[in-house]
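Okay, so here's the structure we're looking at.
This is a predicted model, so every value here is computed, not measured.
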Amino acid sequence: AARLFGSARETSAMAKGADKISRSQDVVSREYTIHLHKHLHGVGFKKRAPRAVKEVKKFAAKMMGTKDVRVDVKLNKFLWSQGIKAVHRRVRVRLARKRNDDEDAKEKLYTYVTHVPVESFKGLGVTNVDE
């Protein structure tokens, strides 16, 4: 017999997901620390910096709920600064969800990822940023 309705946990998760969609329509900026080391574990030397850029984009898309993710030039330079194989273990980024001004764009919103230089990553966590 096929189940028609999910468990209480599944329905509450769906309700949270619906809430998240309505909230993702607004413009917001947050700062995150991305632990690149765990995403690049086992990746060959000549693919590490390009993979780091892809992982940052994947992280931003997941956190902000947009398919269109744009990486700032300074962040790209930071990721590549130690060469193709010696990528930094962590990076602090600011994810800004913005409205797309193009009329013919598929997505209404895009995420712009910029680098935030920090001395230490200790005790930072996720912070909302007022623009």
Where the side chain of Arg97 meets the backbone of Met64, is there a donor-acceptor pair that is under 3.5 Å apart? yes

Criterion side chain to side chain contact (heavy atoms under 4.5 Å, CB included) against Arg94, the qualifying member of Asp72, Val116, Val113: Val116

When Lys54, His115, Lys57 are each screened for side chain to side chain contact (heavy atoms under 4.5 Å, CB included) with Val71, the one that passes is Lys57

In terms of hydrophobic clustering (I, L, V, M, F, W, Y; side-chain heavy atoms under 4.5 Å; direct or indirect links), are Val56 and Val126 co-clustered? yes

In terms of hydrophobic clusters joined by side-chain contacts under 4.5 Å, are Tyr112 and Leu95 together? no

Looking at [X] and [Y], what are the two nearest heavy atoms and their distance?
{"X": "Val69", "Y": "Ala60", "value": "CG1-CB, 3.7 Å"}
{"X": "Gly83", "Y": "Ala49", "value": "O-CB, 4.1 Å"}
{"X": "Leu40", "Y": "Ala52", "value": "CD2-N, 3.7 Å"}

Tell me, do [X] and [Y] make a side-chain contact under 4.5 Å, heavy atoms counted?
{"X": "Leu109", "Y": "Arg99", "answer": "yes"}
{"X": "Asn128", "Y": "Arg30", "answer": "yes"}
{"X": "Leu124", "Y": "Arg92", "answer": "yes"}
{"X": "Leu36", "Y": "Leu79", "answer": "yes"}
{"X": "Val91", "Y": "Leu75", "answer": "yes"}
{"X": "Thr66", "Y": "Tyr110", "answer": "no"}
{"X": "His41", "Y": "Lys38", "answer": "no"}

dist Lys74:NZ -> Ser81:OG (nearest 0.5 Å) comes out at 14.0 Å

Rounded to the nearest 0.5 Å, how far apart are NZ of Lys58 and NE2 of His39? 7.5 Å

Among all residues two or more places apart in sequence or in another chain, which pass the side-chain contact (heavy atoms from CB on, under 4.5 Å) test with Val43? Lys47, Arg48, Arg51

In Phe78, Trp80, Phe121, the residue satisfying ring-ring contact (aromatic ring centres under 6.0 Å, His included) with His88 is Phe78

Identify whether the distance between the nearest side-chain nitrogen and carboxylate oxygen of Asp68 and Arg70 falls below 4.0 Å. yes

